[in-house]
Amino acid sequence: MVLKTLTIGGSDTWGGGGIQTDLRTFENLNTFGLTVLTCIAVEEGDNFAIRALSVELVKEQLQTIEKNFQLDGVKIGLLATVEIVEVVIDFCRRHQGDFPIILDPVLAFKETQEQLAAEYIEKMKTLFPLVDLITPNRNEAQLLANSEPVETLEAMVDVTKKLADQIKVKMIVTGGGLIATDLYRDGMETRAFAGPLSEKKTNHGAGCSFSSAICSHLAQDFSLFESIDKSKKYVFEAIENGVIVGDAGNVWHPITQKSCGIKSSDK
């Protein structure tokens, strides 16, 4: 049977991130993607706006998934509101241990929404113990840990330790376009995943692709460290092969990655 992976997150109308990139990643890595939509990102003047779906509609989508599918992995992205986070918390409680759950704690708030962001972050922290891995980038880790800006590898080491001590959850903090290292930490171990840093600007969607790639690899019974390593290489290739769509430089994998070491499964 085909492996089924679910993305719970927002729609990127520009097509470069969100569930659009999750689905492309799932397909490239030989899992069948299902979706639960939480919000839609749209243009608003010179900025962006997040339009959240109703809580009831999110619940109905999750009920549809639970009724009809046996999942092999779940990736969680932008949840948009405190109320939607609560719905996803209930979902994860029902299924903790049934399949790997990867959380990309996307924090998409304007500077004028500080109070909303603070409430959202606190609610998100109650979701963390219910997932298997969180994948914040260095800026998200800074916000989650209430730390100083992270602009060096040394600062990223410090914020990763601080955040891990606070939330007691396995995590990998990504260095992004500034630091060519991702740092994994749990209660027992710290491990650096170093790799090439692409000079290309086609990196929109890289974080979404990384977490959904980890989800796909875990669904195929790779170990956590194997999944992280393979996903890091996958995202580097996606940036190198990226495309410009409109004004955005997006990650892109034009060919299904048969060379990624996909394991067969009898699930």
Side-chain angles (χ1 to χ4, degrees), residues 4-28 32-66 68-69 71 73-92 101-121 123-124 127 131 134-137 139-140 143 202-213 215 238 242-252:
K4 295 169 286 297
T5 44
L6 169 67
T7 171
I8 305 173
S11 170
D12 182 352
T13 303
W14 294 269
I19 64 166
Q20 286 84 350
T21 285
D22 293 338
L23 289 174
R24 283 194 291 267
T25 301
F26 289 161
E27 181 176 354
N28 279 338
F32 186 85
L34 304 165
T35 63
V36 167
L37 189 62
T38 61
C39 58
I40 302 172
V42 297
E43 191 169 0
E44 185 178 63
D46 294 331
N47 211 320
F48 72 94
I50 303 295
R51 306 292 190 225
L53 275 65
S54 71
V55 170
E56 285 305 313
L57 186 52
V58 175
K59 286 182 179 179
E60 289 172 359
Q61 292 176 84
L62 286 169
Q63 289 166 359
T64 300
I65 293 293
E66 289 176 294
N68 292 282
F69 301 100
L71 298 173
V74 172
K75 176 265 173 84
I76 302 170
L78 179 57
L79 300 180
T81 69
V82 168
E83 293 76 18
I84 293 176
V85 175
E86 291 174 345
V87 172
V88 174
I89 286 172
D90 290 340
F91 170 82
C92 290
I101 302 176
I102 309 304
L103 172 62
D104 182 12
V106 181
L107 303 176
F109 294 96
K110 300 177 184 177
E111 293 180 358
T112 56
Q113 297 176 312
E114 289 185 9
Q115 183 59 39
L116 176 60
E119 294 174 2
Y120 184 84
I121 287 171
K123 180 58 68 172
M124 284 285 289
L127 173 59
V131 307
I134 67 170
T135 64
N137 61 36
N139 294 324
E140 290 161 348
L143 291 171
T202 49
N203 56 7
H204 180 53
C208 299
S209 186
F210 182 59
S211 52
S212 53
C215 178
V243 293
I244 304 296
V245 180
D247 295 328
N250 300 315
V251 294
W252 176 251

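- Among Cys92, Ser211, Cys215, the single residue meeting the side-chain contact (heavy atoms from CB on, under 4.5 Å) criterion with Ile76 is Cys92.
- With hydrogens and angles ignored, the 3.5 Å screen pairs no side-chain donor or acceptor of Asn203 with any backbone N or O of Ala206.
- Between Cys208 atom SG and Leu23 atom CG the span is 11.0 Å, to the nearest 0.5 Å.
- Formation of a donor-acceptor pair under 3.5 Å by the Glu140 side chain with backbone atoms of Asn137 is found in this model.
- The residues Lys59 and Glu56 are annotated as salt-bridged, a charged nitrogen and a carboxylate oxygen being separated by less than 4.0 angstrom.
- Rounded to the nearest 0.5 angstrom, Leu62 CG and Ile84 CD1 are separated by 10.0 Å.
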Please walk me through it: do Leu127 and Leu103 pass side-chain contact (heavy atoms from CB on, under 4.5 Å)? CA-CA 9 Å; Leu127 173 59; Leu103 172 62; 4.0 Å; yes
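- Annotation: the span from Arg24 atom CZ to Glu27 atom CD amounts to 10.0 Å, rounded to 0.5 Å.
- Between Ile89 atom CD1 and Leu79 atom CG the span is 9.0 Å, to the nearest 0.5 Å.
- Checked by atom type and distance alone, the side chain of Tyr120 pairs as donor or acceptor with a backbone atom of Ala80 at under 3.5 Å.
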Show, in sequence, the C-alpha distance, side-chain angles and deciding distance for Val74 and Ile102, and conclude whether the side-chain contact (heavy atoms from CB on, under 4.5 Å) test is met. CA-CA 6 Å; Val74 172; Ile102 309 304; over 6 Å; no
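- Annotation: side chain of Ile40 is in contact with side chain of Leu53 (closest heavy-atom distance under 4.5 Å).
- Closest approach of Ile19 and Thr7 over heavy atoms only: CG2-OG1, 3.8 Å.
- For Ser209 and Thr21, the side-chain atoms include no donor-acceptor pair closer than 3.5 Å.
- A distance of 7.0 Å separates CG of Leu6 from CZ of Phe26, quoted to the nearest 0.5 Å.
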Under the criterion side-chain hydrogen bond (donor to acceptor under 3.5 Å, both in side chains), I'd like the reasoning laid out for Ser212 against Lys75: C-alpha separation, chi angles, the key distance, then a yes or no. CA-CA 6 Å; Ser212 53; Lys75 176 265 173 84; 4.7 Å; no
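- Contact detail for Leu78 and Val106: the closest heavy-atom pair is CD1-O, 3.8 Å.
- Taking CD1 of Ile8 as the start and OG1 of Thr38 as the end, the distance is 9.0 Å to the nearest 0.5 Å.
- A pairwise comparison of heavy atoms in Gln20 and Gly10 identifies OE1-O, 4.3 Å as the closest pair.
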List the steps, then state whether salt bridge (Lys or Arg N to Asp or Glu O under 4.0 Å) holds for Arg51 with Glu44. CA-CA 11 Å; Arg51 306 292 190 225; Glu44 185 178 63; 3.2 Å; yes
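- Remark: side-chain polar atoms of Asp12 are paired, donor with acceptor, to backbone N or O of Gly17 under 3.5 angstrom.
- Formation of a donor-acceptor pair under 3.5 Å by the Thr13 side chain with backbone atoms of Ala41 is found in this model.
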Using the side-chain contact (heavy atoms from CB on, under 4.5 Å) rule, take Phe48 and Trp14 through it: C-alpha gap first, then chi angles, then the decisive distance, then the call. CA-CA 11 Å; Phe48 72 94; Trp14 294 269; 4.2 Å; yes
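- At least one donor-acceptor pair closer than 3.5 Å links the side chain of Gln61 to the backbone N or O of Leu37.
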Carefully, step by step, assess Leu34 and Thr5 under the rule side-chain contact (heavy atoms from CB on, under 4.5 Å). CA-CA 6 Å; Leu34 304 165; Thr5 44; over 6 Å; no
